[in-house]
Every structure is written in structure tokens, then in C-alpha cells.
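The next block holds one structure in the form of C-alpha cells; read it before the comments.
Naming convention: chains lettered A, B, ... in sequence-line order (proteins, then strands); numbering from 1 in each chain. All figures in this text were calculated on a predicted structure; none of them were measured in a lab. Because only heavy atoms are used, hydrogens play no part in the values below, and waters and symmetry mates are left out as well, while side chains stay in.
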There are 2 protein chains.
Amino acid sequence: MSSTVAKALSLLDYFSDSEPEIGLSELARRSGVDKATVHRMLAVMCDHGLLEKRGDARLYRLGAGVLRLARVRETAFPVSSVFQQSLEALSAQIGETAHASLISGRALATIGVCEASRGSRVSLVAGEILPFHSTASGLAVLAFSRPELVDRLLAEPLAARTSRTPTDAEVIRARLQEVRLTGYAEADQTNEDDVYGIAMPVFDTDGTATGAIAVAVPAHRMTNDLRRQIIAALFAEAETLNAGIGGRPPATFRAAVARFGAA
Amino acid sequence: MSSTVAKALSLLDYFSDSEPEIGLSELARRSGVDKATVHRMLAVMCDHGLLEKRGDARLYRLGAGVLRLARVRETAFPVSSVFQQSLEALSAQIGETAHASLISGRALATIGVCEASRGSRVSLVAGEILPFHSTASGLAVLAFSRPELVDRLLAEPLAARTSRTPTDAEVIRARLQEVRLTGYAEADQTNEDDVYGIAMPVFDTDGTATGAIAVAVPAHRMTNDLRRQIIAALFAEAETLNAGIGGRPPATFRAAVARFGAA
DNA sequence: ACCAATGGTGACAATAATGAACCGATGGGA
DNA sequence: TCCCATCGGTTCATTATTGTCACCATTGGT
């Protein structure tokens, strides 16, 4: 299960907005791989432009290659830019931080963030890899994904990100069932303390979830009224978003939308 | 010399704007690696979100992971967005296609394109990996790079992209010397037939070239007058661009600018 | 019905990855 | 000033990973 390429690629996961440059030893420590090995992998990735080391300092950072790759994907299948618009609309309407993420292998990749303008807001460490089981976005996506993906993900041990994180697979399956009924997922400090997230899935042309949009609020500020407001905004934005990327919500989701509209 | 990670990563190079989705056998054929091996690598890269296979078809395409990586790099070191502005200005002023590229390992990665609005224009296959020795951008960058990089690149065999491509290392070194004097590089159908390119380097904080901006014109339409016009525009745009990304042109380049201004 | 592709899988020999020890440089503290 | 810790980077024998090849199951064109 531990191919060399996998180890090399997982090094990329450590780069995020909060830590865009990392040193050799640091990466070795985090990944638990030997320094020599990490060094060799980094050299190869530099050779291919995925990484580069800043001239003066001895730190590694993401290279120009990733810009090219993203450009290619974005011109062929534009989604990132479409998401960004929705995020801005959401953030402006609710006055809280909104973010979007897409399925990226066995986790979620944050591909857009729009912070609220107000002072006390959730300033999430963007660009990070999000686990499926502890985030509202993860649950929202998982609830409308292929069962095989759910099984594969829940088979692995689930890390407790906070004291409230559900780590039992069966508990999560039950929550997914709820999400399928309501059409949205909530995460009350299960991924980060003091952060309450509400997320809604976004779909592909074939009716499976590909990502999610979400609003994150400081937990102490969340009220029932704000909840309803956010959920309504998410439903509206999800619809325009699905239209924008050619997503077709499955019947189960459309039923949830109808139930919410009737209430 | 052929690490597995290198082979895996080089698979990514085959994805471009003209071919955003590729099948297993096709990739195996192009890379010259066995099908089984390629399959294993693709599986790993899918697992990490660098690639993904479209639900219905059996084709692989770049995954959401690359969007995240690009976002991280771009928020930490914004260059792509700055370049795009310059490209639009250039293209509008000259009326021809402009593009930008950055050093990405042992090649150039196109990170931005702005096509001219007129009918007959150079519509380059964007998002591709560009060789250093056959493109104006490559020569422009190489002329102001560290000698070690030049040596490393010219040590390898140079592919003839067209009948005019210089493949002799010494010939190229001579051209680099010219570029150092003039401050810009020209490529008359050395990378693609009927395409005449003029490029100018863009610098890093430490005075080494990191990329280039270029204008591509259908070769039959190039005139001496247009040449001068393009070069002047490139000089102007390169200056604002260097200011925008904090680049510091070295003395050799500043001297070239002065010589051009005096003429 | 055929044939030639395609995507995908399994087992074994060969190769490439591994990690401990080591080096020189740097920098901070006592 | 000396010392020690840490850094990036390198070397080399051991061993686990990889590449090869042979084989399926499907698909689509003739």
C-alpha cells in the first residue's frame, strides 16, 4: 500500500496557505519518511516543476508547474472560477466566511475561500486538505457519493480532530442518512473548535456529488435564525452553481429541496 | 537516473489544452512505459487528487488537487494574476497573441495566454510544456539564468522541433550572448512552422530570470516595423511586470534597456 | 462473427528505493 | 569563544518496490 509515488505526492499535502514554504527536515519529520528519501523525492519534483526552491533560502515551495496544470484543467473544465462567484455572493449575503471544496482523491481540496468583511469571523486556514468525516462539506459530499467511495473511506481509521469528532463509522453512516433527507450537512465543532459549518453538495453531470459549498460561523454566534438563513442561501446558491457547471442533482436531493421549500 | 516518481510525474506533462483527457493505453504509448506500470501510477495519482477519471468515460484528466495547489501558490506568491494583466495589455496594444511562461523544472510552463481578437492570429496550443532551446521565451530566460542551469540543459540532446531549430549547443550559446546584449530573444519558426516569436525575460528578486513574456505573430506577417513595435511594448510591459512581482533586473539587462532607449 | 483496440490484473525477476551513518555549514546559548 | 543542536545534503549496502510479460473482459469497427 505504500508506493513511492504515493509518499512523494503526499509531501505536497503539507503545503497550505498557512505554510507555503517548508524545509527538508520539516517535511521529513511530518511525513515520517527518512530525510534522504524526502530529499530525493523533492529533487525529482523540483525537476518537474511541481516544486521549486527559493533561490536564497533553503526552503521548498510549490512550483510553476502547478500553475500550468491548474490552467489546463480550468480552461478545459472551468469550475474554480464559477465557484468563486458563488462564494462571493454567499459571503456578501450572510456576512460570514464561505468556502468551496472538491473531491480530491481520498479527501477534500479547498479550492476557494471568501472571507467575511466583519471583524470577528472564521478565518480558516485555506488551501488545506479537509477530511471527509469531520467536516460539514465532507458529509455533504459523502451523502451523495457512490457507496463504494463511502465504504472505502470509512474503512480507514478516522482521526479525532476535536473532542467532538465522530470517529465511529456507523455513527457517520447514520449522519449521512440524515444529510440525504435534509440536503445539507452541519458540523458543530467536529473539525475545529469554535467553528460551526453548514455545507451543501454540488453535483456532476451524472448526479454524483463532486464538491460542496459551505459557510463557516464562529460556534458561539450560531443561532437558529442564522442557521435557517444560511441554509436557504445555500440552497439558492447551489442551484445556480449546479446550473453553471452543468451539474444534475439526483432525485434524492431534489426531494430534499422540495421538503425544505414546503416548510 | 529514471526514478519512478519522475516517470509518474512526467505523465502529467502530456495533459494540455489541446488534450485535457487521455486514456491509459495512450499514455503508456507516449511515455514508453508499460501499461501495467502506468496504470499503477495513475491509480496513485487519482488517489491523491492530482488526476481523476471522468465518471462515465474511461479517460483520465487533471484532478481537483492541482486547483488547490495552484491556489496555495498563487495566494502566497501571486504571479499568475499579475502576468495575465500584462498579457491583456500587450495583446490589446499589438493586436497579436501574447503569452507568458515560467521556469518549471527543466522546461518552461505556459501559465497565461491572451489571444488577439483579429481573425488571422497565432492560436498556440496553450498549457503546453515549452523547450528552452527552440522558443524565444526559452532563450530569453536562459540568457539571464545561472550558468549551471544553462550547462545542465544544453548537455542534453536538443530535439529539432522544425527544420530551423538550432540543435547545436554552441550555436545556442552564441544566440544567448546576443540576447544578453539586446535584452530580448527572437525565434523565427524554430519551435513551430509559421510562428515568429519575440520574448523578454522577467526577473526574480535576486536578479535571475524566472520567466518570460512573449508575442507570437504569423511569420509571413512579421515586418521590421512590427518587430520594433513589439520590442518596445515588451520593454515597457516587462518593466511594470518586474515592479509588480518585485523582480530586480540585473545590470546586464538594464544596460540592454538603456541601449534600446538610445537607439 | 471476427479482429483489433481498449482498460485492467496477477506473478515473478530485476531494479530502484530505503534509512542509518556521515559531512560541512550555520547559528544560538552558556 | 567554545560547544552543541540543527540544518541541507550525500553515500552505500540491504531489501522491498517496481517493471515486465502474459493473461482476461469489453468495446467498437469491418
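- In this structure, the nucleotide among D:dG9, C:dA5, C:dA20 sitting nearest to the side chain of B:Arg29 is C:dA5.
- Nearest heavy atoms, A:His133 versus A:Leu139: O-CD2, 4.1 Å.
- Among the atoms of the strands shown, only primed sugar atoms or phosphate atoms (P, OP1, OP2) are found under 4.0 Å from some heavy atom of B:Thr4.
- Between the CG atom of B:Leu42 and the C1' atom of C:dT9 there is a distance of 15 Å, rounded to whole Å.
- Listed pair A:Thr37 / C:dA17 fails the phosphate criterion, with no side-chain N or O lying under 4.0 Å from OP1 or OP2.
- The distance from atom CG of B:Asp34 to atom C1' of C:dG7 is 13 Å, rounded to the nearest whole Å.
- Within the 4.5 Å cutoff, no side-chain heavy atoms of B:Leu62 are placed close to those of B:Leu50.
- Nearest nucleotide to the side chain of B:Leu24, out of C:dG19, D:dT18, C:dG8: C:dG8.
- Spacing between atom CZ of B:Arg30 and atom C1' of C:dT6 amounts to 16 Å, rounded to whole angstrom units.
- Atom NE2 in B:His39 sits about 16 Å away from atom P in D:dA25, given to the nearest Å.
- The side chain of B:Ser3 lies closest to C:dA17, out of C:dA17, D:dG8, D:dT20.
- Taking atom CD of A:Glu21 as the reference point, atom C1' of D:dG8 lies 15 Å away to the nearest angstrom.
- To the nearest 0.5 Å, atoms CZ (B:Phe144) and CZ (B:Phe253) are separated by 6.0 Å.
- Remark: P of C:dG7 and NZ of B:Lys53 are 10 Å apart, rounded to the nearest angstrom.
- Nearest nucleotide to the B:Arg58 side chain, out of C:dG19, C:dG7, D:dG19: C:dG7.
- One N or O donor and one acceptor, one from the side chain of B:Lys35 and one from the base of C:dG8, sit under 3.5 Å apart.
- Nearest-nucleotide positions on DNA chain D place A:Arg40 closer to the 5' end than the other of A:Lys7 and A:Arg40.
- Within a 6.0 Å sphere centred on CD of B:Gln189, heavy atoms belonging to other residues, nucleotides or ligands number more than 12.
- For CZ of A:Arg173, the number of neighbouring non-hydrogen atoms (other residues, nucleotides, ligands) closer than 6.0 Å is greater than 12.
- In this entry the distance linking CE of B:Met41 with C1' of C:dG8 reads 16 Å, nearest Å.
- One interatomic measurement links the two molecules: CG of B:Leu11 to C1' of D:dG19, which rounds to 14 Å at whole-angstrom precision.
- Checking D:dG9, C:dG7, D:dT20 against the side-chain heavy atoms of A:Tyr60 singles out D:dG9 as nearest.
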